[in-house]
Amino acid sequence: MTLTTDDPNLGPVVVSEEAIRDRTKELGARIAVDYAARPPLLVGVLKGAFVFMSDLARAIDLPVEFDFMAVASYGSSTRTSGVVRIVKDLDSDLTGRHVLVVEDIVDSGLTLAFLLRNLAARHPASLAVCALLVKELEPSVDELAYVGFRIPRDFVVGYGLDVAERYRNLSCVRRYDGPMSPG
Ligand code: 5GP
């Protein structure tokens, strides 16, 4: 059994491995220019962002630091309720830091809005977001400075994104056509 062969739940490729690689390099180069005078603290939102953060960080030719937080949303697995709970908080003090939040995907934007409110209250010198994927028609978020790809409103998996903890290690992003709790 392999990860992808004969899996009827996996739909078409939405963003290919090559496209992710190229775009991540571009984003990293832009971030390196924008943050040259103020090296950033990258804040990854677990678990989904760990794959993107790892590749993005190596595309930024600056001395960056890392921290992680984990949030859980109340509600079903497919729709965010907007009520978010911090499951793992940051280790760093954000006061005076240039914080760049690294997100896997922004759908309704509710999770991000909660995070940004929470992080802004810790007095960073600046606060911006780099998201790999943004679903079309998402409400505008001022802090969304760097976007990898705008994608249709389908549910997707791979490159960090899961269904019931599976598919995070796919190298590309694919549409998910199966049940929300695969066996
Ligand atoms: P939002 O609060 O923006 O509606 O939802 C954000 C969170 O919902 C993401 O961090 C992710 O955990 C989850 N999510 C939203 N859309 C998708 C999707 O298409 N696939 C997966 N695997 N998770 C998603």
Side-chain angles (χ1 to χ4, degrees), residues 3-4 7-17 19-20 23-24 27 41-57 66-90 99-121 127-183:
L3 178 62
T4 53
D7 185 336
N9 296 334
L10 285 176
V13 172
V14 177
V15 188
S16 71
E17 186 176 352
I20 294 172
R23 188 74 180 127
T24 302
L27 291 172
L41 172 68
L42 300 184
V43 168
V45 184
L46 295 172
K47 298 176 191 168
F50 83 100
V51 180
F52 177 47
M53 179 136 154
S54 158
D55 286 339
L56 180 71
F66 299 82
D67 207 340
F68 293 93
M69 64 193 295
V71 297
S73 71
Y74 296 98
S76 78
S77 54
T78 47
R79 281 231 60 79
T80 314
S81 62
V83 184
V84 180
R85 183 166 54 95
I86 294 176
V87 177
K88 182 224 173 289
D89 206 348
L90 299 171
V99 174
L100 182 60
V101 177
V102 180
E103 263 281 26
D104 48 1
I105 191 163
V106 178
D107 184 357
S108 69
L110 290 170
T111 304
L112 189 57
F114 167 87
L115 265 176
L116 290 172
R117 267 200 313 278
N118 185 286
L119 297 178
L127 183 57
V129 180
C130 178
L132 177 67
L133 304 170
V134 174
K135 298 244 180 115
E136 281 165 1
L137 306 175
E138 100 289 2
S140 70
V141 179
D142 289 343
E143 293 85 350
L144 206 46
Y146 308 94
V147 173
F149 301 91
R150 295 192 183 269
I151 61 167
R153 299 201 58 79
D154 302 317
F155 196 82
V156 293
V157 294
Y159 201 70
L161 291 162
D162 76 313
V163 173
E165 297 304 328
R166 280 178 57 181
Y167 303 113
R168 292 194 197 274
N169 59 329
L170 278 175
S171 305
C172 60
V173 174
R174 293 178 67 162
R175 197 175 76 201
Y176 179 75
D177 291 339
M180 289 320 292
S181 41

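This structure is a prediction, so every number in the text was calculated from the model and none was measured. Counting convention: from 1, in listed order, for ligands and their atoms alike.
Distances between N or O atoms of Val157 and those of ligand 1 include no value under 3.5 Å.
Which parts of ligand 1 touch Thr111 is read off a 4.0 Å heavy-atom cut-off, strictly below it: atoms 1 (P), 2 (O), 5 (O), 6 (C). Set against the non-hydrogen atoms of Leu161, the atoms of ligand 1 under 4.0 Å away are 21 (C), 22 (N), 23 (N). Counting atoms of ligand 1 from 1 in the listed order, those under 4.0 Å from a heavy atom of Leu110 are 2 (O), 3 (O). Residue contact check: Ser108 has heavy atoms under 4.0 Å from atoms 1 (P), 2 (O), 3 (O), 4 (O) of ligand 1. Interface of Asp154 with ligand 1, defined as ligand atoms under 4.0 Å from a residue heavy atom, comprises 19 (O).
Scored by the salt bridge (charged side-chain N to carboxylate O under 4.0 Å, His left out) test, Arg23 finds Glu26 as partners (sequence neighbours excluded).
Between Gly109 and ligand 1 there is a heavy-atom distance shorter than 4.0 Å. Put simply, part of Asp104 is less than 4.0 Å from ligand 1, judged by heavy atoms.
Using a 30° and 60° split on the angle between ring planes, Phe52 and Tyr159 fall in the tilted class, from 30° to 60°.
Residues Asn9 and Tyr167 are in side-chain contact: their nearest non-hydrogen atoms beyond the backbone lie under 4.5 Å apart.
Between Phe68 and Leu90, the shortest heavy-atom distance links the atoms O-CD2, 3.5 Å. Listed here is the closest heavy atom pair of Leu133 and Val15: CD2-CG2, 4.0 Å.
Neither the backbone nor the side chain of Val163 has a heavy atom within less than 4.0 Å of ligand 1.
Electrostatic pairing of Asp107 and Arg153 counts as a salt bridge here, judged by a charged N lying under 4.0 Å from a carboxylate O.
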